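All remarks here apply to the structure that follows.
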Amino acid sequence: MTARQTVMLLVAVVLSIPDLAHSFQPLLASRNSITHRHITQRAILRKTAEVCRDLAVSKGQDFSLVIDDSLSPSKVQRACYSIGTSTSLLSSFKFQSSITLMYLGNAKVDIQFIFSDIHHFVDEAFEGGRDLITAGVSYVKASVKKENFVAARWTLGQILHPLQDFYSHSNWVEMGNTAPYSTLIRPDQPFENLAGPNTPTCRSCVGGNCDDNLLPELQQKGLLTTGYFSFFSSAKPAGKCSHGGFFDWTSRRDPVGGINKDDLSSDHASFHHNATDVALEASMELLEDIRVAVGENNFLQLMGLSQSSVLAFVIDTTGSMSDDITEAKRVSFDIIDRKRGTLQEPSAYILVAFNDPGFGPLIRTTNADVFKDSINKLSASGGGDIPELSLSGLQLALTGAPPSSEIFVFTDAPAKDAYLKSTITALIESTRSVVNFLLTDATSSRRRRRGIQGLSPRSLTQSDAQLYHDLAQASGGQAIEVTKSDLSVATTVIADSLASAVVTIFQVVMNPGKPDTFTFTVDGSLRNMTAYITGASSLTFDLTSSTGVSQNSSQSGGPLASFTTVGNLRSLRLNTDNQTGSWKISVNSNDSYSIKVIGQSSVDFIYNLMEAHEGAHGDFSLKEGRPLSGGNVSLLVSVTESDTVKVTEVTLFDSSGPTQVNGSLQELGDGNFLIHFNGVPAGEFVVRLRGEDNSSTPRSTPTSFQRQASTQIKTSSISVTTQANDTNIEPGSTISIPFTVATTVNGVVNDSATETFTMRANNDRRYPNASPSTVTVAAGSGGKANGTVTLTVPASAESGTDVTLTIEVENAAATDINYAVLRFSVAAKVTDVNRPGCQVVSTSANCPFSSSLCASSQWEFIANLTDGINGTGIERITIRKGNGTLNTSTAVGAGGESVTMVSYTASCCSQTVELAAVDNVGNVGTCVGQARTLTTTAPVTTVNPASTGGHTVNPTSTGGHTLSISRCLCISVVVSLLWK
Ligand SMILES: *[C@@H]1O[C@H](CO)[C@@H](O)[C@H](O)[C@H]1NC(C)=O
Ligand SMILES: *[C@@H]1O[C@H](CO)[C@@H](O)[C@H](O)[C@H]1NC(C)=O
Ligand SMILES: *[C@@H]1O[C@H](CO)[C@@H](O)[C@H](O)[C@H]1NC(C)=O
């Protein structure tokens with residue numbers, strides 16, 4: 001065996017051992033232990049609430065939410081959004097989804113980097129652990145700058161893992177520390193007081209009792225150490241502490257026993273809560289650093305605190321599309337103009353144009369005017385020769401939009417790049433985004449095309465259109481076929497999808513079609529329900545409400561619904577007043593059709609496919625790709641409004657059978673559940689959830705509700721696993737991604753199988769990637785085959801870029817596909833680790849002693865800030881505390897460095913100021929000033945090195961870059977004149 005195979009075998013062995021843990025438990029708590037999931041979620045909720053509170057206070061508004069560990073995403077969401085008074089429905093779906101992504105990123109470290117000392121702060125790997133954290137922080141800041149929030153969330157989750165582990169694995173809390181060890185997030189600060197490599201740190205536990213195993217002299221000197229850990233060997237440096245626990249071989253050697261505080265059965269279990277408390281504070285300290293570096297709005301977006309959706313258009317711009325482009329403009333301008341400044345204003349705008357041979361670039365902006373400008377610039381031209389690069393355009397939108405976005409594709413031509421179908425399907429499944437197609441004059445012969453001369457008529461054959469229908473179906477979207485003249489009626493679906501808190505109640509696709517009756521539950525929390533039915537023009541239907549009222553498709557206005565028909569789409573606006581309960585819809589059609597029922601409600605759910613790690617107390621981590629046919633499937637489900645909602649049933653439903661698999665529920669607390677499905681057959685499933693809601697009817701019985709996820713979950717018999725050793729790449733480098741392919745039967749590798757698979761690897765940036773075109777599982781290979789995909793990031797790639805790589809494996813018969821979707825962040829290595837420095841120049845001394853007179857006087861604080869001669873330069877200076885006004889100007893210091901001179905003026909009623917200076921790579925330095933009162937003689941100007949990012953500059957020192965006060969004052973005066 002090669003070394004790699006040996007390691008992989010050991011991984012397999014280790015992963016199959018029960019109760020494996022050498023960190024806080026990732027997701028599942030044993031007894032009342034606190035997990036990485038708890039710590040991460042609590043830190044995010046508390047920090048987000050603090051930011052909202054500070055924003056409210058700065059606007060003079062109330063913020064009454066108590067910030068403690070009882071916060072839930074929906075509580076924080078409501079408190080943050082009550083800042084702007086609004087009565088519209090709120091949903092914490094996006095917030096909860098991004099929190100989940102962060103803690104799943106965190107939990108994955110235990111699987112992905114199980115043998116790494118630096119990822120877990122064991123073996124006294126202080127420098128390596130800190131490098132990992134601070135490099136990760138740079139990636140997060142760079143990604144946020146480019147608004148690549150998904151990549152940033154994953155990296156953030158991953159670096160919170162070692163940061164939190166430090167408190168469990170070191171003797172930090174045993175030394176009595178209750179505050180975080182800030183050096184771990186400050187690359188510019190030296191480690192002090194580390195126990196050296198030759199310093200003994202532990203003595204053996206006595207009779208299994210490890211309460212007293214840290215050496216007293218270590219504690220007296222305040223020396224920092226961590227446990228040593230190994231799955232394979234008992235070797236450790238003489239006299240060193242071990243991590244401890246069943247799997248740690250080093251803990252069996254003298255000094256016996258360990259010091260970890262991972263859970264309530266660990267050797268240092270009595271310090272478990274001390275460690276989790278400080279780990280929470282440390283997580284918040286890291287979030288605070290990112291908050292100051294990226295600014296409040298970006299920070300809230302990173303946390304996922306967004307109420308509205310993105311508006312995402314993918315538009316064909318060939319000659320025959322001018323009517324469609326005009327309509328895309330009209331509908332988007334209308335949405336922008338109606339929603340601007342409201343909570344439903346789209347959180348971002350995405351536009352991708354395509355034709356042949358071109359597509360892209362992706363335009364993504366939060367500025368409505370930039371979007372308007374971009375869409376205004378689109379014009380239909382050229383082409384006429386069909387088909388077009390529609391799927392390439394869609395690929396950019398899928399990877400560029402946030403997960404669970406709704407994307408609209410406008411085209412009248414078949415896809416030239418139909419070979420991307422499986423890539424697009426993989427991206428749909430992994431992003432959960434919904435793709436809708438607006439196909440104009442596509443299959444009809446009613447085409448009356450105006451305009452450009454010499455255009456050959458374009459049309460979609462049934463199989464061309466089927467590609468779009470299949471993709472729509474996989475995503476839970478719709479393929480709407482209309483004439484160009486009717487497009488403006490069909491585009492109401494766009495505005496519908498952008499309403500607040502849209503949920504899917506029921507959805508089904510019947511292909512082939514047959515007459516059938518479907519039921520769905522209307523609950524009291526639902527508003528503005530709409531049912532869409534797509535199908536042939538001959539389709540008829542009957543609708544019956546819970547109270548027995550009915551209406552059929554010959555009545556376009558009636559007691560239950562008013563509806564419009566355009567092309568193949570019928571839109572029914574349901575009138576559900578006082579008619580909660582079970583509704584029925586009977587469809588009569590032998591052609592294929594689809595039904596989708598949506599509404600607005602705060603009650604929704606998110607789910608993630610999980611992978612079990614075998615064993616009695618095994619844990620779970622995020623699973624990539626499709627679950628295995630015939631195998632067991634686990635979902636992590638979280639409901640929004642967990643304070644009032646109870647989940648009763650989660651099922652996987654395949655309409656083609658129909659087949660339904662019922663899940664068993666394991667409650668994790670805080671509205672989270674693990675759902676286990678046994679022996680899920682081959683098929684295409686959707687997740688359906690039922691529960692009870694106590695919120696809308698406080699006095700009577702709870703109402704039942706149902707929700708359905710849009711995206712289909714397909715199973716596959718092919719297992720594809722990747723072992724990327726990093727998700728961060730530097731420009732100009734190549735990353736290798738080893739992968740393993742296997743054939744499975746009922747979820748288990750078929751070790752006697754032989755097969756040759758087709759491989760495809762594809763990325764959304766058109767970076768060079770290489771993969772074998774086939775991979776063969778040979779006889780005697782245990783049913784598995786390995787290979788490597790490489791991805792090369794050009795040296796010119798900008799920091800903060802992300803790239804999504806899709807690796808697909810198809811069986812020889814081309815009937816089955818599985819895939820891995822990997823998202824990488826690109827950032828150049830940060831060499832500027834120093835925080836901008838602050839030198840106080842003067843603090844005016846004219847505040848009156850009596851506070852009752854404060855309003856009539858002002859004070860001024862003047863300081864010079866610089867990022868030094870080798871720094872990346874100050875990008876931004878903000879006021880962190882104080883409500884005065886800030887003027888800045890720049891000059892060149894004595895050493896040639898750029899110096900930003902600030903002058904801060906405030907009323908004497910506000911006597912402290914804290915300024916934050918952020919350099920171009922996101923290092924944060926602070927500068928603190930305090931007004932002097934006229935009667936005081938002691939120096940009260942302070943630069944506080946202990947505050948976040950405090951830079952120790954003696955205010956009276958005359959360093960190399962001192963500017964004369966008079967020159968500085970003079971420049972500030974000029975600047976204030978210019979600024980007003
Ligand atoms: C651990 O936490 C407990 C409870 O808060 C506290 O009484 C104790 O002093 C802490 N131990 C240390 C070493 O800080
Ligand atoms: C329902 O739709 C109407 C009209 O489109 C709108 O005014 C109302 O705000 C919507 N309800 C909610 C809860 O958003
Ligand atoms: C629904 O019930 C409420 C209270 O029972 C009543 O005020 C309202 O008029 C009813 N609405 C309809 C449409 O029947």
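Read the numbers this way: they start at 1 and go in the same order the structure lists the ligands and their atoms. As the structure is a computational prediction, the values presented were derived from the model and not from experiment. Heavy-atom basis, side chains included; hydrogens, waters and symmetry copies ignored.
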Query raised in the report: Taking the six-membered ring for Trp, are Phe191 and Phe126 parallel (under 30°), tilted (30 to 60°) or perpendicular (over 60°)?
Result: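 Tilted, since the angle between the ring planes falls between 30° and 60°.
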Any protein heavy-atom neighbour for [atom] (distance below 4.0 angstrom)?
atom                    : result
atom 12 (C) of ligand 1 : yes
atom 9 (O) of ligand 1  : no
atom 5 (O) of ligand 1  : no

Query raised in the report: Within a reach of under 6.0 Å around NZ of Lys623, are more than 12 heavy atoms found that belong to other residues, nucleotides or ligands?
Result: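 Atom NZ in Lys623 is packed in, count exceeds 12.
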Query raised in the report: Is the side chain of Ser33 donor-acceptor paired with the backbone N or O of Asp263 at a distance under 3.5 Å, no angle test?
Result: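 Checking the backbone N and O of Asp263 against the side chain of Ser33, no donor-acceptor pair under 3.5 Å is found.
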Query raised in the report: If you take all heavy atoms of Gly258 and Asp267, which pair is closest and at what distance?
Result: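 Nearest heavy atoms, Gly258 then Asp267: N-OD2, 2.7 Å.
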Query raised in the report: Can an N or O of Asn274 be found at a distance shorter than 3.5 Å from an N or O of ligand 1?
Result: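 It does: an N or O of Asn274 is found under 3.5 Å from an N or O of ligand 1.
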**Report entry** Mode of Val173 contact toward ligand 1 - side chain, backbone, both, neither (heavy atoms, under 4.0 Å)
**Finding:**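 Only the backbone of Val173 comes within reach of ligand 1.
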**Report entry** Positive for side chain to side chain contact (heavy atoms under 4.5 Å, CB included) with Tyr167, one of Tyr181, Phe121, Phe271
**Finding:**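 It is Tyr181, the one option of Tyr181, Phe121, Phe271 that forms the side chain to side chain contact (heavy atoms under 4.5 Å, CB included) with Tyr167.
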Requested in this report: List every atom of ligand 1 that sits less than 4.0 Å from any heavy atom of Phe271, numbering the atoms from 1 in the order shown and giving each element.
Outcome: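 Those of ligand 1 that fall under 4.0 Å from Phe271 are 13 (C).
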